[in-house]
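For reference, the structure is listed below as structure tokens.
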2 protein chains.
Amino acid sequence: MLTVTSVNVNGIRAAAKKGFVPWLAGSDADVVCLQEVRAEEAQIPDEARVPEGWHTVFAPAAAKGRAGVAVYTRREPERVRVGFGSEEFDTSGRYLEVDLPGVTVASLYLPSGEAGTEKQDEKYRFMGEFLTYLEGLRERAAAEGREVVVCGDWNICHREADLKNWKTNRKNAGFLPEERAWLGEVYDRAGYVDVVRALHPDTEGPYSWWSYRGRAFDNDAGWRIDLQVATPGLAARAVKAFVERAETHPERWSDHAPVTVVYEAGV
Amino acid sequence: MLTVTSVNVNGIRAAAKKGFVPWLAGSDADVVCLQEVRAEEAQIPDEARVPEGWHTVFAPAAAKGRAGVAVYTRREPERVRVGFGSEEFDTSGRYLEVDLPGVTVASLYLPSGEAGTEKQDEKYRFMGEFLTYLEGLRERAAAEGREVVVCGDWNICHREADLKNWKTNRKNAGFLPEERAWLGEVYDRAGYVDVVRALHPDTEGPYSWWSYRGRAFDNDAGWRIDLQVATPGLAARAVKAFVERAETHPERWSDHAPVTVVYEAGV
DNA sequence: CCTTCCAAG
DNA sequence: CTTGTAAGG
């Protein structure tokens with residue numbers, strides 16, 4: 001049994017003031033992947049940086065207050081790798097991998113982009129390099145007999161069922177045709193599986209992000225952009241998946257909600 | 001009878017959320033001079049911008065979110081003047097004058113400075129130009145038979161009794177020998193009177209500003225930098241002066257407290 | 001320590 | 001609308 005949670009904390013310092021720490025203390029997960037930590041390790045309060053019972057590794061961005069990913073594990077990782085071999089992105093606080101027995105777990109924070117701007121070009125550059133990396137990762141993992149799951153904020157919805165207002169967002173970053181096609185490549189060409197969608201093929205959402213603007217959260221006008229993208233062998237072991245909307249964290253300590261998957265032990 | 005209050009609000013938008021509006025509603029003053037408004041008029045909520053029963057005039061700074069002075073009066077002013085004829089400072093949101101029958105009331109926000117930096121040079125430039133202006137103002141007012149009071153945050157303490165920690169602040173902006181000497185010139189050469197000190201010659205303070213850092217307020221480690229500097233004829237009419245420390249505005253909607261003087265009617 | 005700004009999301 | 005940063009105080 002392996003329980004993995006992914007959550008974009010939107011600033012761990014702000015989240016720590018609003019309920020992240022008790023949420024983590026109550027979590028049953030074996031691994032928690034964080035995105036948008038937005039702090040250097042030294043700036044994070046102890047309760048969040050070295051919580052009782054967890055090993056934590058951080059990959060902050062070179063730019064202060066930006067991006068930053070982390071992985072919290074109950075057992076110490078066998079190995080830790082920062083970045084994915086990209087000159088442009090390895091110091092941008094967007095990718096971190098840890099090896100646990102038989103499985104590699106990654107925390108990814110893909111650039112959010114903005115249609116028609118240089119930020120979108122950057123997102124496309126990241127996507128290009130990262131897809132190549134994912135293919136190699138799957139091959140290496142297969143050769144070693146290990147599974148992989150890339151958790152994180154992918155900042156892309158694949159299908160209409162993945163966001164409430166898909167019609168009005170067809171020209172917005174996160175649901176552009178090129179982005180959707182790319183995510184299709186991650187599944188069809190690189191051979192990964194969107195675990196939550198595989199378990200819930202016919203549901204709207206479940207959304208994991210709601211804008212702070214307007215009444216997005218109250219209207220459940222959300223996006224399913226926080227994904228667990230796994231190798232088929234691991235995906236086949238997924239027995240349960242859920243998103244913690246307001247019910248379980250009513251304090252709303254982030255604009256994203258935690259996405260959890262329970263993976264069975266053997267095959 | 002003329003009651004005049006001066007207060008540095010440290011951002012009128014923040015102050016308005018913390019109690020400035022009810023404080024104003026409960027004020028007995030005829031004139032209230034504000035400093036550090038830190039907003040353009042359009043950004044100020046109505047309750048603070050056009051409060052019931054007041055006429056308000058604003059002199060914002062060209063730089064957004066900086067400085068800014070205002071004068072609130074119960075009767076409409078006869079005339080309003082922004083700045084004091086300085087090319088460098090007239091758009092800096094630091095000086096505003098209104099003429100009321102027989103008396104000119106000004107709201108001043110003197111640069112705070114920082115010892116040994118360009119900011120201190122700017123403060124000295126302001127002080128130089130402003131002293132010249134004050135001399136001319138007193139002469140013109142005398143010729144017209146009018147009195148003058150320049151209310152505001154002067155950002156200088158004249159004497160040791162004007163700040164709690166005078167020993168440790170002798171090399172800090174606000175209590176530098178040159179600044180203290182300059183305030184002496186305002187009194188001795190330009191002929192103005194520090195009204196609150198004239199009424200309370202032998203008291204420590206009363207302080208009107210306490211840093212937000214550390215426990216300055218709780219320890220009453222304050223500075224008396226918010227002054228009413230008047231022509232001798234008006235100063236002679238002052239019958240009462242007080243600073244509203246925590247007692248009367250426990251919400252602490254600014255790091256400064258209002259300084260009020262009651263001036264008798266005739267001479 | 002607090003209030004603005006701005007960029008980013 | 002919220003998070004950081006930075007400057008200013």
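Every chain is numbered from 1 and lettered A, B, ... according to where its sequence line falls, protein lines coming before strand lines.
The interatomic distance linking B:Trp209 (CH2) with C:dC2 (C1') rounds to 11 Å, in whole Å. For B:Asn8 and C:dT4, the CG to C1' distance is 13 Å, given to the nearest whole Å. Here D:dG4 presents its C1' atom at 12 Å from NZ of A:Lys18, a figure rounded to the nearest Å. A straight line from CH2 of B:Trp253 to P of C:dT3 spans 13 Å, rounded to a whole angstrom. Between A:Asp153 atom CG and D:dT3 atom C1' the separation is 15 Å, expressed in whole Å. As rounded to whole Å, 13 Å separates atom P of D:dC1 from atom OH of A:Tyr212. One atom, CH2 of B:Trp154, and another, P of D:dG9, lie 18 Å apart when rounded to the nearest Å. Spacing between atom NE2 of B:His256 and atom P of D:dG9 amounts to 11 Å, rounded to whole angstrom units.
Looking at residues two or more places apart in sequence or on another chain, you find a side chain to side chain donor-acceptor pair (under 3.5 Å) between A:Arg125 and A:Glu88, A:Glu118. Remark: B:Tyr207 pairs with no residue by the side chain to side chain donor-acceptor pair (under 3.5 Å) rule, at least two apart or across chains. A:Glu114 meets the salt bridge (charged side-chain N to carboxylate O under 4.0 Å, His left out) test with no other residue; sequence neighbours excluded. Residues passing the ring-ring contact (aromatic ring centres under 6.0 Å, His included) test with B:Tyr133 are B:Phe84, B:Tyr95, sequence neighbours excluded. Applying the side chain to side chain donor-acceptor pair (under 3.5 Å) test to A:Tyr124 and every residue at least two apart in sequence or in another chain returns A:Gln120. Shown here are the salt bridge (charged side-chain N to carboxylate O under 4.0 Å, His left out) partners of B:Arg197, two or more places apart in sequence or in another chain: B:Asp162. With sequence neighbours excluded, no residue forms a side chain to side chain donor-acceptor pair (under 3.5 Å) with B:Trp223.
For residues 205-220 of chain B, every residue pair satisfying the salt bridge (charged side-chain N to carboxylate O under 4.0 Å, His left out) rule, not counting sequence neighbours, is listed here: B:Asp220-B:Arg245.
Residues from residues 38-45 of chain A with heavy atoms under 4.0 angstrom of DNA chain D, sorted by number: A:Arg38, A:Gln43. For DNA chain C, the residues of residues 56-65 of chain B within the heavy-atom distance limit of 4.0 Å (strictly under) are B:Lys64, B:Gly65, sorted by number. In the region residues 108-117 of chain B, proximity to DNA chain D at under 4.0 angstrom, judged on heavy atoms, holds for B:Tyr109, B:Ser112.
With distances taken from any side-chain atom of A:Glu36 to the nucleotides D:dG9, C:dG9, D:dG8, the minimum falls on C:dG9. Checking D:dG9, D:dG4, C:dT3 against every side-chain atom of B:Ala14, the shortest atom distance belongs to C:dT3.
Two residues, B:Asp255 and A:Arg13, neighbour DNA chain D, and the one matched to the more 5' nucleotide by heavy-atom proximity is A:Arg13. Closest-nucleotide positions on DNA chain D for A:Gly11 and B:Arg66 were compared, and the one nearer the 5' end corresponds to A:Gly11.
Applying the 4.0 Å criterion to OP1 and OP2 of C:dG9, one finds that A:Lys119 has a side-chain N or O inside that range.
Of the options A:Arg159, A:Gln228, A:Arg224, a side chain to side chain donor-acceptor pair (under 3.5 Å) to A:Asp194 is made by A:Arg224 and by none of the others.
At least one test fails for B:Arg170 against the ring of B:Phe175: distance under 6.0 Å to the centre or angle within 45° of the axis.
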Which donor-acceptor pairs under 3.5 Å do the side chains of residues 8-17 of chain B make with protein atoms, sequence neighbours left out?
unit_1: B:Asn8; atom_1: OD1; unit_2: B:Asn10; atom_2: N; d: 2.9
unit_1: B:Asn8; atom_1: ND2; unit_2: B:Glu36; atom_2: OE2; d: 3.1
unit_1: B:Asn8; atom_1: ND2; unit_2: B:Asp153; atom_2: OD2; d: 3.0
unit_1: B:Asn8; atom_1: ND2; unit_2: B:His256; atom_2: NE2; d: 3.4
unit_1: B:Asn10; atom_1: OD1; unit_2: B:Arg38; atom_2: NH1; d: 3.3
unit_1: B:Arg13; atom_1: NH2; unit_2: B:Arg38; atom_2: O; d: 2.9

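Across B:Phe58 and B:Ala70, no two heavy atoms sit closer than the pair CD2-CB, 3.6 Å.
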